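Structure record follows, encoded as structure tokens.
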There are 4 protein chains.
Amino acid sequence: MPKVSDDYKERKRESLLESALKCFGEKGFHSTTMDDIVAYSKTSKGLIYNYFKSKEELYLELMQERTKLTFERINEHFKNCETATEKMRELFKMYREITLTEEWRHLIRVHMEFWINSARHENLQNIMLDRYKKQYLQFMNEIIEQGKKSGEFKKEIQAELVSSIFWAYIDGICLHYSVVEEDELYKQQFKQTEEMIMNYILTK
Amino acid sequence: MPKVSDDYKERKRESLLESALKCFGEKGFHSTTMDDIVAYSKTSKGLIYNYFKSKEELYLELMQERTKLTFERINEHFKNCETATEKMRELFKMYREITLTEEWRHLIRVHMEFWINSARHENLQNIMLDRYKKQYLQFMNEIIEQGKKSGEFKKEIQAELVSSIFWAYIDGICLHYSVVEEDELYKQQFKQTEEMIMNYILTK
Amino acid sequence: MPKVSDDYKERKRESLLESALKCFGEKGFHSTTMDDIVAYSKTSKGLIYNYFKSKEELYLELMQERTKLTFERINEHFKNCETATEKMRELFKMYREITLTEEWRHLIRVHMEFWINSARHENLQNIMLDRYKKQYLQFMNEIIEQGKKSGEFKKEIQAELVSSIFWAYIDGICLHYSVVEEDELYKQQFKQTEEMIMNYILTK
Amino acid sequence: MPKVSDDYKERKRESLLESALKCFGEKGFHSTTMDDIVAYSKTSKGLIYNYFKSKEELYLELMQERTKLTFERINEHFKNCETATEKMRELFKMYREITLTEEWRHLIRVHMEFWINSARHENLQNIMLDRYKKQYLQFMNEIIEQGKKSGEFKKEIQAELVSSIFWAYIDGICLHYSVVEEDELYKQQFKQTEEMIMNYILTK
DNA sequence: GATGAATGAGACTTCATTCAT
DNA sequence: CATGAATGAAGTCTCATTCAT
């Protein structure tokens, strides 16, 4: 666990995680070797084991970091959002405005791969489900409930259902466009998804 | 004599593919060893190489087989469907009625994993994209166009956009429920997705 | 051992040996698989084991056959040779007139490879040395002795020494030109070797 | 620290090459396994791949090393030789005085085997031919030309022809005595070869 | 702390040989 | 007899992890 007391160590750790992400993005978790990460991060094989006790753990910590960053980024964007509607619109906007770079595609694949891998290891699965429910779903739930309370959203919608629909669509679209390279279609699809969902939840 | 009927060989091949699917489903492609497949299929290590020249090729042929089966199954269900609306409804019904067994989850993971892996190997990516566009998108396109022609669906909708939305949502939902074990939510989510999409395309 | 009684079997055996020779020539003994030979001879894997009980044995029998053929060929050429000098000259002529085809190079390599391999297996080594001494050396010895007796060759030369020099030079040159593709140099070298050796043994 | 001196690594490399040579000598290239080499060199299976990226490459580098050593040894012997005649005599002496140990026989077989194997792989063949022509032939050519210039050797002899004859005879004799265990005959044969060749080139 | 040489289990693949048909 | 599917031992090579310096 990062000790902020030692700034140097923390920066080293970040740098290792970043290198790992880069490598996993390019070759996938299994095909990435510790040597790849070492080469990319310009450190030594031994050092990496001072920070993470195994490749598995490095993977897990990386993904935890990424989730944290995702929400930090979202919250950053939410600074000027008050209403639930504003938040929803801003969220869609964030995704809609993504440019489909090779780097982005790599990132998505790492996430998706992790999601699938996690399903195969009981301990990982629990971590993942917990994260999904406590963070992703919960996050969206709160927005929905806020919207329901304020009268922006229909009273009769089930927050949980909408939340899970939201993330499923997001992931479905990202999954597709992590392979398909069609920027324009991606944007239209997101626009359409936004309309469908907003239409479904807004009180007229 | 071991000069054996084509039928016998075909059945052997199927059995190997099935074993591979089982193993890939349980442990993922990379973590599955040829020994796993051999053990599962109760043959010998050498034999598998009489049928497939590498683990890679086995993987590819397996996925090709699965795609073929998917469409065979869909077409089977479509036997009594005339109108585009019937077809769309039937398609949703097929997915909606799936029971989320462990086996199904394995299957989905294999598909998703393949989709992601394929993105990392140029030759596989071409095969995948081709399959996606020529089969999945094309298949849906035809239904949409039929519906537009017959007046069932709105004239102004873009077939291609709807098709890609359709498959993205399907994949997104399947991806989620290949990890999340909540049958009820899955069904509701599918119902809702059906409404949204049908609402979007139906005239009136 | 070939039973001439069954002509068919004998021809089959020859065909297998020939195929083996072809394959060994192209890829070398170790890199040639039984499948290669089977493919080349258009028979079946099982059949080959009816004729030779192992790859080793096939190899050995092939080389035995080749030695036999070599001497048959030499004797064929010797039909009209009476004197020792004529025989020596004819022998040199045979080698000198060889055209350095790819096929010839293959053949030489097989022989050389066998010679080296044999040194590494006691039983083979005995067979090889026996063959070398009883056939190659003995053959040359007899010519030399004939020449000495008839006064063609110097009385003081040691037949055994000349014989072993003769075959060493032959093998050395063949070895080189099984790799080096220079027809002209080969011929000159043989001419020169002939002169040196004849000069050494002829009585003026 | 295992960050180790270049010298250490070089010695390790030499030791691996030496082990490989020993094993190739005993069993031949194809029959030698990496495990054999590892066992002989008392290291671990993985380590060898830190130094050579494949068995093939190890082989090639070994042979390159050996050629280098051969010429270093020859040049060592040449320190006190001025005239072309002295050099030729010294060269013959070197070969003549070799004692036909089992080790020497192994060494020769490795060289001969490599020569033959190389003929079967285009890239190796080019390396071999280049080495043969640029080093072996060239080396001898220079001596001959020196001798012609100084008047020791006949003006009319073709340096290239003599050179290739020289090496062919050397190789032929070595090849034979890598199998035939007759020290005495070997020496006589070399003596005789020396006389023949010197007789051929010396200006009386 | 940092380094990277060393380890060795285990992966994929090949192939001589067998044997049921 | 002939066939070629089946076998499995054994080969090459990889790579996460350790540890002496």
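Here is how names work: the chains are called A, B, and so on, in the same order as the sequence lines, proteins then strands, and each is numbered from 1. What you see is a predicted model; the values in this text were computed from it and never measured.
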Between [atom2] on [N] and [atom1] on [X], what's the gap in Å once rounded to a whole number?
| X | N | atom1 | atom2 | value |
| --- | --- | --- | --- | --- |
| D/F52 | F/dT12 | CZ | C1' | 16 Å |
| D/D7 | E/dA5 | CG | P | 14 Å |
| D/L47 | F/dC13 | CG | P | 15 Å |
| C/K55 | E/dT18 | NZ | C1' | 17 Å |
| C/L58 | E/dC15 | CG | C1' | 15 Å |
| D/K12 | E/dA6 | NZ | C1' | 8 Å |
| D/Y59 | F/dC13 | OH | P | 15 Å |
| A/Y49 | F/dC19 | OH | P | 13 Å |

**Prompt:** Starting at the 5' end of DNA chain F, which residue's closest nucleotide do you reach first, D/G46 or B/G46?
**Reply:**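 The 5'-side residue here is B/G46.
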
**Request:** Would you indicate whether C/E18, at its atom CD, is surrounded by more than 12 heavy atoms from other residues, nucleotides or ligands within a distance under 6.0 Å?
**Result:**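 No.
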
**Request:** Step through the shown structure and confirm whether more than 12 heavy atoms of other residues, nucleotides or ligands are within 6.0 Å of CD on A/E103.
**Result:**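 12 or below, so no.
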
Test your reading of the model: is there a side-chain donor-acceptor pair from [X] to the backbone of [Y], 3.5 Å cut-off?
| X | Y | value |
| --- | --- | --- |
| C/S15 | C/R11 | no |
| B/K55 | B/T32 | yes |
| A/D36 | A/T33 | yes |

**Asked** Under 4.0 Å: is that the gap between some side-chain N or O of A/Y8 and OP1 or OP2 of E/dA2?
**Response**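 Checking E/dA2 against A/Y8, a side-chain N or O does come within under 4.0 Å of OP1 or OP2.
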
**Prompt:** Quick one: which of C/F24, C/Y59, C/F29 gives a ring-ring contact (aromatic ring centres under 6.0 Å, His included) with C/F114?
**Reply:**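 The single option meeting the ring-ring contact (aromatic ring centres under 6.0 Å, His included) with C/F114 is C/Y59.
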
**Request:** Check every atom of E/dG1, E/dA5, F/dA5 against the side chain of B/K9 and return the nucleotide holding the closest atom.
**Result:**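 Looking only at heavy atoms from C-beta outward on B/K9, the closest nucleotide is F/dA5.
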
**Nearest listed nucleotide, side chain of B/N50, among E/dA5, E/dT14, F/dA6** =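 Of the candidates, F/dA6 comes closest.
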
**Prompt:** Would you call D/E10 and D/D6 a side-chain contact if the rule is heavy atoms closer than 4.5 Å?
**Reply:**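 SC-SC contact between D/E10 and D/D6 ruled out.
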
**Request:** Determine, for B/R105 against B/E102, whether the closest basic-nitrogen to carboxylate-oxygen distance falls under 4.0 angstrom.
**Result:**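 Answer for the salt bridge query: yes.
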
**Message:** Defining pairs by Watson-Crick or G-U wobble geometry with both distances under 3.5 Å, how would you list the stems of DNA chain F with at least three pairs each?
**Reply:**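 DNA chain F stems, ordered by first number: E:2-21 with F:2-21.
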
**Prompt:** Does anything in residues 27-45 of chain D reach DNA chain E, meaning a heavy atom under 4.0 Å, and if so which residues?
**Reply:**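 The answer is D/T43, D/S44, D/K45.
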
**Prompt:** For B/R13, what residues pass the side-chain hydrogen bond (donor to acceptor under 3.5 Å, both in side chains) criterion, not counting sequence neighbours?
**Reply:**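 So B/R13 forms a side-chain hydrogen bond (donor to acceptor under 3.5 Å, both in side chains) with B/E61.
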
**Request:** Hey, which sits more toward the 5' end of DNA chain E by its nearest nucleotide, B/S54 or D/I48?
**Result:**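 Comparing both residues, the 5'-ward one is D/I48.
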
